[in-house]
Amino acid sequence: MRIGSLIRDARQHSGLTQAQLATELKTSQSAINRIEKGQQNLTLDMLARIGAALDSELVSVGTSGPSHLRVAGGTTLSGAIDVKSSKNAGVALLCAALLNEGRTVLRKVARIEEVNRLLEVLESIGVKTRWMNDENDLELVAPERLDLAAMDEHAARRTRSIIMFLGPLMQRYDDFELPYAGGCDLGTRTVEPHMTALRPFGLKVVATEGSYHASTAQGVGPERPIVLTERGDTVTENALLAAARYDGVTVIRNASPNYMVQDLCFFLTKLGVQIEGIGTTTLRVTGKPRINVDVDYAPSEDPIEAMSLIAAAIVTKSSITVRRVPIEFMEIELALLEEMGFQYDRSPEYAAENERTRLVDITTYPSTLKAPIDKIHPMPFPGLNIDNLPFFAVIAATAEGQTLLHDWVYENRAIYLTELNKLGAQVKLLDPHRVLIEGPTHWSGAELVCPPALRPAVVILIAMLAAKGTSVLRSVYVINRGYEDLAERLNALGASIETFRDI
């Protein structure tokens with residue numbers, strides 16, 4: 001029954017329906033239903049095929065099977081660590097490289113699984129990609145004509161970022177197809193906002209079996225401002241990508257001013273696109289119909305990774321210095337932590353390599369925390385970041401008193417936070433969006449399987465750092481999708497994390 005639940009969770013996280021997974025595996029939907037209910041015997045071959053179809057080590061087997069982490073907890077961290085470049089910015093910039101017919105160099109790109117999948121897609125359609133050095137500088141050169149028919153569908157279905165190909169491709173092609181992960185049927189919450197943003201440019205999309213068929217009317221542009229009904233990051237990025245090569249002016253209202261959107265704006269301006277209002281909810285874009293420039297750009301640091309590292313210091317009662325923190329995207333989080341009793345020093349601000357993003361160094365000190373008076377909930381930027389909310393679960397578990405977390409954006413993500421109970425926490429699920437956390441916690445080691453959601457998975461790893469005894473976190477592929485060398489970098493601060501595989 002446990003393996004069935006894991007398969008169901010991994011399928012839902014991949015955005016596939018039971019029917020779509022059945023098609024991928026050449027079996028029936030009823031067989032998938034039985035598998036997820038634990039009513040079907042599974043061969044090792046079938047487990048491996050399911051793991052490949054879901055791009056998940058949760059259900060991989062054999063010598064090249066899933067990697068796990070063994071954590072000797074209760075250690076104190078010390079030293080300094082640099083925040084790496086933003087995962088979400090890197091993904092957007094890879095899609096934006098399709099706009100440029102010249103040479104694009106991106107500096108210190110996060111070398112994570114999500115990036116690897118996108119590079120596989122780009123290479124399959126004719127984009128030349130090259131890792132230039134050990135610093136993770138990446139070179140991309142798009143051909144004059146992309147070979148969209150040769151697109152690697154397997155890789156494309158395993159990255160939700162493929163939706164951001166719509167914006168750049170629609171200004172280059174009258175007609176094209178994009179594979180998509182299941183669960184993204186037209187009209188659903190995930191896709192419809194993109195259609196609303198791109199229709200004013202003449203885009204029409206028909207969903208066929210497993211792909212979007214897109215047709216465009218060249219030269220068509222918005223006659224009035226585009227109003228996004230949802231201030232989504234990727235929706236704003238898609239609108240920007242479409243506007244970048246439109247020969248005219250585009251106004252986008254209710255745009256997300258979040259960190260990855262700002263990075264994309266800074267990059268587009270280096271391509272010669274004029275953008276007014278960067279960092280606000282109204283963007284005015286003057287496009288450039290042909291873009292053929294050699295560009296060199298360094299995406300800024302990742303505020304979610306910064307929050308992860310600060311959370312690890314708080315929970316282990318450690319003093320460490322987290323360098324290169326993008327402070328503009330961490331101010332609400334730090335203000336809330338201060339309210340809870342967190343003590344830290346902050347350096348003067350300095351510029352990131354993109355010369356626009358403001359960075360600081362944060363030095364943490366062991367602190368006794370108390371629960372905040374009000375509930376903790378995310379908001380679009382400049383509010384508390386949606387992806388940072390889960391870290392407050394493990395922080396609240398160390399604080400004195402009751403904390404209410406309200407994760408109103410994601411269906412069911414809050415459920416995974418109850419896994420902290422296996423390590424000694426008291427996390428009560430009130431409904432699919434709200435958890436009540438009672439602290440402080442006396443953490444103790446345990447063996448858990450990684451949930452299929454990235455941030456809750458890292459939250460569990462952080463709790464294991466504080467837990468007395470040895471813990472095991474199984475099948476950590478999901479962490480590798482969003483973090484580069486996280487275990488090794490924590491070990492450099494004094495953690496004791498060992499990566500291993502089953503024999």
Worked check of side chain to side chain donor-acceptor pair (under 3.5 Å) between T321 and T363: CA-CA 4 Å; T321 299; T363 300; 3.0 Å; yes

Short question: side chain of [X], backbone of [Y] - any donor-acceptor pair under 3.5 Å?
{"X": "N238", "Y": "I163", "result": "yes"}
{"X": "E139", "Y": "T129", "result": "no"}
{"X": "E177", "Y": "S211", "result": "no"}
{"X": "D485", "Y": "E488", "result": "no"}
{"X": "D361", "Y": "S347", "result": "no"}
{"X": "N136", "Y": "V109", "result": "yes"}
{"X": "T236", "Y": "S256", "result": "yes"}
{"X": "S85", "Y": "K108", "result": "yes"}
{"X": "T364", "Y": "S318", "result": "yes"}
{"X": "R481", "Y": "E113", "result": "no"}

Could you tell me whether [X] and [Y] have a side-chain N and a carboxylate O separated by less than 4.0 Å?
{"X": "D302", "Y": "K87", "answer": "no"}
{"X": "D137", "Y": "R107", "answer": "yes"}
{"X": "E120", "Y": "R117", "answer": "yes"}
{"X": "R489", "Y": "E305", "answer": "yes"}
{"X": "R111", "Y": "E484", "answer": "no"}
{"X": "D387", "Y": "R413", "answer": "yes"}

[X] vs [Y] side-chain heavy atoms within contact, under 4.5 Å:
{"X": "L106", "Y": "L94", "value": "yes"}
{"X": "D174", "Y": "S215", "value": "no"}
{"X": "I125", "Y": "L98", "value": "yes"}
{"X": "E333", "Y": "N385", "value": "yes"}
{"X": "V235", "Y": "T229", "value": "no"}
{"X": "T357", "Y": "F266", "value": "yes"}
{"X": "V261", "Y": "E237", "value": "yes"}
{"X": "L138", "Y": "V105", "value": "no"}

Atom pair [atom1] ([X]) and [atom2] ([Y]), whose distance is rounded to the nearest 0.5 Å:
{"X": "L486", "Y": "N480", "atom1": "CG", "atom2": "CG", "answer": "8.5 Å"}
{"X": "E355", "Y": "S300", "atom1": "CD", "atom2": "OG", "answer": "13.0 Å"}
{"X": "T234", "Y": "N88", "atom1": "OG1", "atom2": "CG", "answer": "9.5 Å"}
{"X": "R130", "Y": "N133", "atom1": "CZ", "atom2": "CG", "answer": "8.5 Å"}
{"X": "L146", "Y": "L169", "atom1": "CG", "atom2": "CG", "answer": "6.5 Å"}
{"X": "L336", "Y": "M330", "atom1": "CG", "atom2": "CE", "answer": "11.0 Å"}

Atom of [X], atom of [Y] and distance for their closest heavy-atom approach:
{"X": "L69", "Y": "A487", "answer": "CD2-CB, 4.1 Å"}
{"X": "P378", "Y": "W408", "answer": "O-NE1, 2.8 Å"}
{"X": "V273", "Y": "A244", "answer": "CG2-O, 3.6 Å"}
{"X": "P168", "Y": "C95", "answer": "CG-O, 3.7 Å"}

Out of I314, I376, V459, which one pairs with I395 under the side-chain contact (heavy atoms from CB on, under 4.5 Å) rule? I314

Decide yes or no on side-chain contact (heavy atoms from CB on, under 4.5 Å) for H68 and S475, but give the supporting numbers first. CA-CA 5 Å; H68 319 297; S475 302; 4.1 Å; yes

Side chains of H213 and D175: donor-acceptor distance under 3.5 Å anywhere? yes

Examine the side chains of D233 and Y259 and answer whether a donor and an acceptor come within less than 3.5 Å of each other. no

Charged tip of R70 within 45° of F500 ring normal and under 6.0 Å: yes

Tell me whether the count of non-hydrogen atoms from other residues, nucleotides or ligands lying under 6.0 Å of CZ in R224 goes above 12. no

Might you work through the ring pair (Phe, Tyr, Trp, His ring centres under 6.0 Å) test for F329 and F381, ending with a clear yes or no? CA-CA 8 Å; F329 308 100; F381 179 79; 5.0 Å; yes

Would L359 and V325 satisfy side-chain contact (heavy atoms from CB on, under 4.5 Å), going step by step from the backbone distance to the final call? CA-CA 5 Å; L359 305 179; V325 175; over 6 Å; no

Using the side chain to side chain donor-acceptor pair (under 3.5 Å) rule, take S308 and Y483 through it: C-alpha gap first, then chi angles, then the decisive distance, then the call. CA-CA 10 Å; S308 313; Y483 289 78; 2.7 Å; yes

Intermediate values then yes/no, side-chain contact (heavy atoms from CB on, under 4.5 Å), V458 and F391: CA-CA 8 Å; V458 177; F391 299 108; 3.9 Å; yes

Using the side chain to side chain donor-acceptor pair (under 3.5 Å) rule, collect all pairs that involve residues 267-292, keeping only residues at least two apart or in two chains. E101-R290

Would you call the rings of Y344 and F342 parallel, tilted or perpendicular if under 30° counts as parallel and over 60° as perpendicular? parallel

